[in-house]
Amino acid sequence: MEAFHLLSRGGAKFDKQRFKSDVSLFTGNGTKESKCSTFAHAPEGELPPELDFFKYAQGGNTKRKVLDAEVDPKGKRRKVEDGSEDEEANGEQAGDDPPMPRHRVTTKGKNVPEHVETFDALRERYSLSSQLLQNLAHHGYKRPTGIQSYGIPILMEQRDLAAISPTGTGKTLSYLLPVMAALGTPAGSSKGDSGSGVRAVILAPTRELAHQIHNECLKLAQGRKWRIVLFSKATASTLVDKKVREKIDLIISTPLRLVASLQAGNLELDNVRHLVLDEADRMLDAEFMEQVQEVIAACTHPEVQKAVFSATLPANAEKVAMSMLRDPIRVVVGLKDTPLPLIAQSLTYVSDDQSKLPTLLQYLSQPYNPPVLVFVSSQPRANSLAEELVISGVANVDCLHAGMTKKEREDAISRMRRGDSWVMISTEVMARGMDFKGVREVINYDFPQSVQSYVHRIGRTGRAGREGKAITYFTNQDAPFLKTIANVLLQSGSTVPEWILKLPKPSKMKRREMGKIKRAEAVNNARRIGRGDAIKRREMIAGSKRRKEKEQQRKEKQAAASPSGDDADGES
DNA sequence: AAAAAAC
């Protein structure tokens with residue numbers, strides 16, 4: 001603690017030996033089993049007073065806004081309770097899932113189909129193959145979540161849908177089930193009556209998310225002969241053969257990949273009947289917009305059903321989304337742009353960028369629930385923070401950003417899924433959609449750039465009814481945006497020190513100015529987190545190269561020993 | 001408002 005105290009003042013040397021012993025103490029006993037029983041216990045309590053702004057405010061009343069449950073039932077708007085009376089879990093692992101929280105559901109639109117209480121009710125109402133229901137049961141889906149019980153009937157009745165539902169509440173299944181139900185006979189089969197070529201397209205903003213959706217898809221598709229393709233460079237190259245493309249039933253892809261194939265003339269989407277945009281607001285960002293429009297334009301079938309899903313949907317994005325849809329129904333579960341109350345959120349003051357590393361090291365020197373997901377604002381910062389943590393002796397540090405190779409990214413994800421990663425440093429690439437069941441702690445090392453980013457980042461925890469914890473570091477430079485995020489905490493039932501709420505809302509001019517300063521500093525700091533130096537960095541890189549080579553050799557040996565390839569997550 | 005991500 002003393003060492004940390006000195007460190008936090010900046011100049012003092014870090015007592016690495018001592019710190020290491022702390023770390024090994026914690027790494028030695030199986031931290032995976034250690035339960036974080038008291039979320040109320042904030043790490044800020046451990047901070048030296050000069051870093052602990054909470055302390056000044058504590059004792060005073062922290063304010064908690066009571067959620068307003070009333071919404072004016074205007075026009076066609078309906079207000080209903082999430083059907084699940086039974087406190088049954090909806091997660092993917094059968095048995096030990098906590099109950100899903102109940103949310104209010106509001107629907108808007110013409111002739112909204114009645115929601116269902118159970119998956120069996122779907123079977124009674126629509127022709128749903130028993131295989132599909134069997135697969136659901138087999139993978140531990142028991143009762144539909146709010147978005148599933150409302151969204152699935154809407155999509156089953158061929159309606160367009162804009163669905164807004166909090167992170168970790170089962171949006172993926174909400175669109176996959178109806179799409180799979182509609183696929184019917186596999187493409188190219190002699191009995192087929194639905195024309196030839198791809199019949200469904202699902203777009204996601206990152207490769208990792210597309211991959212995850214593909215995996216979910218394969219679970220549901222067990223026992224059926226559909227060709228479900230996770231689109232990549234490799235699969236795209238097989239499409240040169242027209243016979244191959246005609247046999248594809250469903251494509252899951254990132255937009256640009258798909259556009260590239262369209263422009264190369266290696267793909268037709270004229271028989272697509274279902275188009276889903278996951279993380280819709282992200283997909284309708286300026287940078288993705290054009291690509292998405294191109295995909296939409298290529299889906300020329302007159303009966304193409306479109307659906308958009310997200311946990312957040314800012315007004316302008318919603319406008320764009322609604323204008324794309326035909327006679328749409330809008331479903332909102334819970335409160336838009338609001339995290340789950342299950343996630344215990346807190347804000348930690350760290351004065352400036354240099355103070356972040358010691359604060360994080362201090363945090364990781366105490367027992368925590370791995371894996372912890374740490375978000376930073378840029379790729380170089382992700383690299384250097386990961387290096388710093390390794391140098392400081394933190395165990396099982398991983399890093400993931402889009403500057404890494406495909407294989408590096410895939411490896412990082414599988415380490416994460418296996419539970420081998422204890423501290424995962426990542427950029428926005430991981431902020432949306434990724435579902436790691438074990439993540440119970442998220443740290444925003446760098447302040448999020450928007451409310452949407454905040455909501456999605458912390459939504460990596462608190463999934464499928466589990467509890468989670470989210471800590472956000474803020475510096476003096478983040479002050480102009482602090483209040484906005486503080487309000488999000490309040491909305492979702494977390495507490496915020498009163499002094500933050502009393503901050504005046506800075507004028508637009510001021511925010512712009514501060515933003516400029518912040519950006520300039522970010523550039524300066526981009527390649528320097530804490531006290532790293534070039535030599536250490538070179539050693540690190542050399543070390544990781546050696547490790548990679550060894551791993552490669554081991555894999556080659558393995559491959560030689562067992563000729564059967566792994567097609568667990570391959571492209572079908 | 002800006003970075004990241006998409007190929």
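Since the model is a prediction, treat every value here as computed from it, not as a measurement. Here is how names work: the chains are called A, B, and so on, in the same order as the sequence lines, proteins then strands, and each is numbered from 1.
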Would you please confirm or rule out a distance under 4.0 Å between OP1 or OP2 of [N] and any side-chain N or O of [X]?
X: A:Arg207; N: B:dC7; result: yes
X: A:Gln263; N: B:dC7; result: no
X: A:Thr427; N: B:dA3; result: no
X: A:Arg409; N: B:dA6; result: yes

State which residues pass salt bridge (Lys or Arg N to Asp or Glu O under 4.0 Å) with [X]; sequence neighbours excluded, sorted by chain then number.
X: A:Arg257; value: none
X: A:Asp278; value: none
X: A:Arg460; value: none
X: A:Glu318; value: A:Arg330, A:Lys336

Interatomic distance where [atom1] belongs to [X] and [atom2] belongs to [N] [whole Å]:
X: A:Asp285; N: B:dA5; atom1: CG; atom2: P; value: 13 Å
X: A:Tyr454; N: B:dA3; atom1: OH; atom2: C1'; value: 20 Å
X: A:Glu408; N: B:dA5; atom1: CD; atom2: P; value: 13 Å
X: A:Phe288; N: B:dA2; atom1: CZ; atom2: P; value: 19 Å
X: A:Asp478; N: B:dA2; atom1: CG; atom2: C1'; value: 13 Å
X: A:Phe447; N: B:dA2; atom1: CZ; atom2: P; value: 16 Å
X: A:Asn266; N: B:dC7; atom1: CG; atom2: C1'; value: 14 Å
X: A:Leu277; N: B:dA6; atom1: CG; atom2: P; value: 16 Å

*Of all residues at least two apart in sequence or in a different chain, which pass the side-chain hydrogen bond (donor to acceptor under 3.5 Å, both in side chains) check with A:Ser253?*
none
_Intra- and interstrand pairs of DNA chain B - dot-bracket, Watson-Crick/G-U under 3.5 Å, | marks other strand_ = .......
*Not counting sequence neighbours, list each pair that qualifies as a salt bridge (charged side-chain N to carboxylate O under 4.0 Å, His left out) and has a residue in residues 203-214 of chain A.*
A:Glu208-A:Arg409
*asked:* Just by distance, no angles: are the side chains of A:Arg245 and A:Asn266 close enough, under 3.5 Å, to form a donor-acceptor pair?
replied: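 Result is no, nothing qualifies.
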_Donor on one side chain, acceptor on other, A:Ser355 and A:Asp352, under 3.5 Å_ = yes
*Select base, sugar-phosphate, or nothing to describe what A:Gln291 touches, counting heavy atoms under 4.0 Å on all strands.*
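Answer is base: heavy atoms of A:Gln291 come under 4.0 Å of a base.
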*What is the nucleic acid contact for A:Ser450, judged by heavy atoms within less than 4.0 Å: base, sugar-phosphate only, or nothing?*
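Base contact.
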*Looking at DNA chain B, which of residues 254-261 of chain A put a heavy atom within less than 4.0 Å of it?*
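The stretch gives A:Thr254, A:Leu256, A:Arg257 as the residues lying under 4.0 Å from the strand, ordered by number.
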*Check ring pair (Phe, Tyr, Trp, His ring centres under 6.0 Å) between A:Tyr473 and all other residues, then give those that pass, not counting sequence neighbours.*
A:Tyr445
